[in-house]
Amino acid sequence: MDLHAQNWPVTPILATQRFTLRPYAPSDRDAVVRVLNDYDVTKWLTQVPWPYQPHDFDWFLNTFIPEQQHVVWVIDGGKGLLGAVSVDPELGYWLDPAHHGKGIMTEAAAATIDWHFGQSQDDLTSGYHLGNGPSAAVLRRLGFTDTRINRDVETARGDRVDIQRMTLSHRAWQARHG
């Protein structure tokens with residue numbers, strides 16, 4: 001498939017101090033299925049089915065990303081996938097629980113936010129399910145501020161959940177980064 005001929009947004013490789021952020025690859029399938037089949041991860045994600053199966057990954061890689069033209073990265077610590085992050089059209093992320101509490105998501109998300117604001121002056125939005133304190137902390141460390149609470153359907157449970165919506169303006173990002 002010629003991605004450029006389809007106006008596909010190229011996912012650049014980004015480097016942080018500790019990680020490489022790279023596009024998803026078919027070889028990520030087993031690791032993604034393992035992590036997203038953990039209900040303690042998936043319950044905090046709005047659009048991820050549970051249980052998460054290999055065909056869900058195949059659909060995501062081969063259909064969802066191209067059709068939605070999403071720019072998504074795998075967080076790779078040199079020994080494989082640790083999690084994932086995207087900024088198109090909003091910041092979204094997940095992390096393998098074995099790597100929680102190490103500053104990984106803050107570092108990875110900061111790199112993708114810098115990339116976003118290098119491409120656009122559009123504000124960046126995100127959100128977290130109420131009750132997900134670690135995700136709230138990541139967004140606050142990155143400079144996001146509360147805007148409103150939305151109710152949305154969370155796919156894994158099929159329930160409506162409250163999501164704190166947040167925004168990081170280009171102006172606020174510039175003020176933090178000189």
Side-chain angles (χ1 to χ4, degrees), residues 11 14 16-19 21 24 28-53 56-57 59-61 64-65 68 70-77 80-117 122-170 172-173 176:
T11 300
L14 305 177
T16 73
Q17 288 185 339
R18 299 182 290 167
F19 313 109
L21 306 178
Y24 273 92
D28 296 318
R29 183 186 204 206
D30 291 345
V32 171
V33 169
R34 178 185 53 76
V35 175
L36 294 184
N37 205 30
D38 180 343
Y39 186 70
D40 287 334
V41 174
T42 305
K43 71 181 180 183
W44 301 115
L45 304 174
T46 306
Q47 299 180 2
V48 177
W50 186 84
Y52 193 85
Q53 303 294 323
D56 295 315
F57 175 81
W59 174 83
F60 177 77
L61 183 66
F64 181 79
I65 293 174
Q68 299 299 315
H70 279 272
V71 180
V72 294
W73 290 269
V74 164
I75 304 165
D76 191 321
L81 177 141
L82 304 175
V85 63
S86 66
V87 293
D88 196 27
E90 67 178 50
L91 180 70
Y93 50 85
W94 58 264
L95 188 64
D96 184 329
H99 304 290
H100 285 186
K102 300 175 184 174
I104 293 168
M105 190 51 66
T106 301
E107 183 178 328
T112 62
I113 291 167
D114 291 349
W115 176 85
H116 167 79
F117 285 126
D122 293 343
D123 293 350
L124 189 57
T125 61
S126 191
Y128 64 91
H129 292 209
L130 294 183
N132 188 348
S135 188
V138 166
L139 292 171
R140 291 191 200 307
R141 277 192 298 275
L142 294 168
F144 282 80
T145 58
D146 295 345
T147 55
R148 68 190 179 288
I149 294 176
N150 280 6
R151 296 225 8 111
D152 204 345
V153 174
E154 184 260 319
T155 303
R157 292 181 280 200
D159 291 334
R160 295 189 68 73
V161 295
D162 289 329
I163 299 175
Q164 176 63 61
R165 302 300 306 157
M166 302 179 84
T167 299
L168 176 60
S169 70
H170 185 266
W173 174 81
R176 290 174 64 116

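Quick note: numbers below take in every heavy atom, side chains included, and nothing from hydrogens, waters or symmetry partners.
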Response to the item:
Rounded to the nearest 0.5 Å, the OH atom of Tyr93 sits from the CD1 atom of Ile104 at a distance of 14.0 Å
Worksheet item: How would you list, by chain and number, every residue that makes a side-chain hydrogen bond (donor to acceptor under 3.5 Å, both in side chains) with Thr46, sequence neighbours excluded?
Response: His129
Discussion item. Taking atom CD as the centre, does Gln53 end up with more than 12 heavy-atom neighbours from other residues, nucleotides or ligands that are less than 6.0 angstrom away?
Written reply: yes
Fill in: Min side-chain heavy-atom separation Leu142-Leu91 under 4.5 Å
yes
Fill in: Candidate pair Trp44 and Tyr128, rule ring pair (Phe, Tyr, Trp, His ring centres under 6.0 Å), full reasoning
CA-CA 8 Å; Trp44 301 115; Tyr128 64 91; 9.3 Å; no
Worksheet item: Can you tell me how far CG of Asn150 sits from CZ of Arg160, rounded to the nearest 0.5 angstrom?
Response: 9.5 Å
Worksheet item: Taking only residues two or more places apart in sequence, or in another chain, which ones meet Asp162 in a salt bridge (charged side-chain N to carboxylate O under 4.0 Å, His left out)?
Response: Arg151
Worksheet item: Quick one: does Leu124's side chain get under 4.5 Å of Phe144's, heavy atoms only?
Response: yes
Item to complete: Can you spot which of Gln17, Arg18, Lys102 makes a side-chain hydrogen bond (donor to acceptor under 3.5 Å, both in side chains) with Glu107?
Response: Arg18
Worksheet item: side-chain hydrogen bond (donor to acceptor under 3.5 Å, both in side chains) with Glu90: which residues, sequence neighbours excluded?
Response: Arg165
Worksheet item: Phe60 and Val32: side chain to side chain contact (heavy atoms under 4.5 Å, CB included), yes or no, with the steps?
Response: CA-CA 11 Å; Phe60 177 77; Val32 171; over 6 Å; no
Worksheet item: Thr112 and side-chain contact (heavy atoms from CB on, under 4.5 Å): which partner among Val71, Ile75, Leu21?
Response: Leu21
Worksheet entry | From Leu168 atom CG to Arg176 atom CZ, the distance as rounded to the nearest 0.5 Å | 7.5 Å
Response to the item:
So CG of Asp76 and CG of Leu81: to nearest 0.5 Å the spacing works out to 7.5 Å
Item to complete: Answer yes when Asp56 and Arg29 have at least one side-chain N-carboxylate O distance shorter than 4.0 Å, and no when they do not.
Response: no
Worksheet item: Taking the inter-plane angle between the rings of Phe117 and His170 on a 0 to 90° scale, is it parallel (under 30°), tilted (30 to 60°) or perpendicular (over 60°)?
Response: perpendicular
Practice prompt. Output all residues satisfying salt bridge (charged side-chain N to carboxylate O under 4.0 Å, His left out) with Asp28, sequence neighbours left out; order by chain, then residue number.
Written response: Arg22
Fill in: Those residues that, when tested against Trp94, pass ring-ring contact (aromatic ring centres under 6.0 Å, His included) (two or more places apart)
none
Worksheet item: Under the salt bridge (charged side-chain N to carboxylate O under 4.0 Å, His left out) test, which residues partner Arg141, sequence neighbours left out?
Response: none
Worksheet entry | From CG (Leu82) to NE2 (His99), nearest 0.5 Å | 4.5 Å
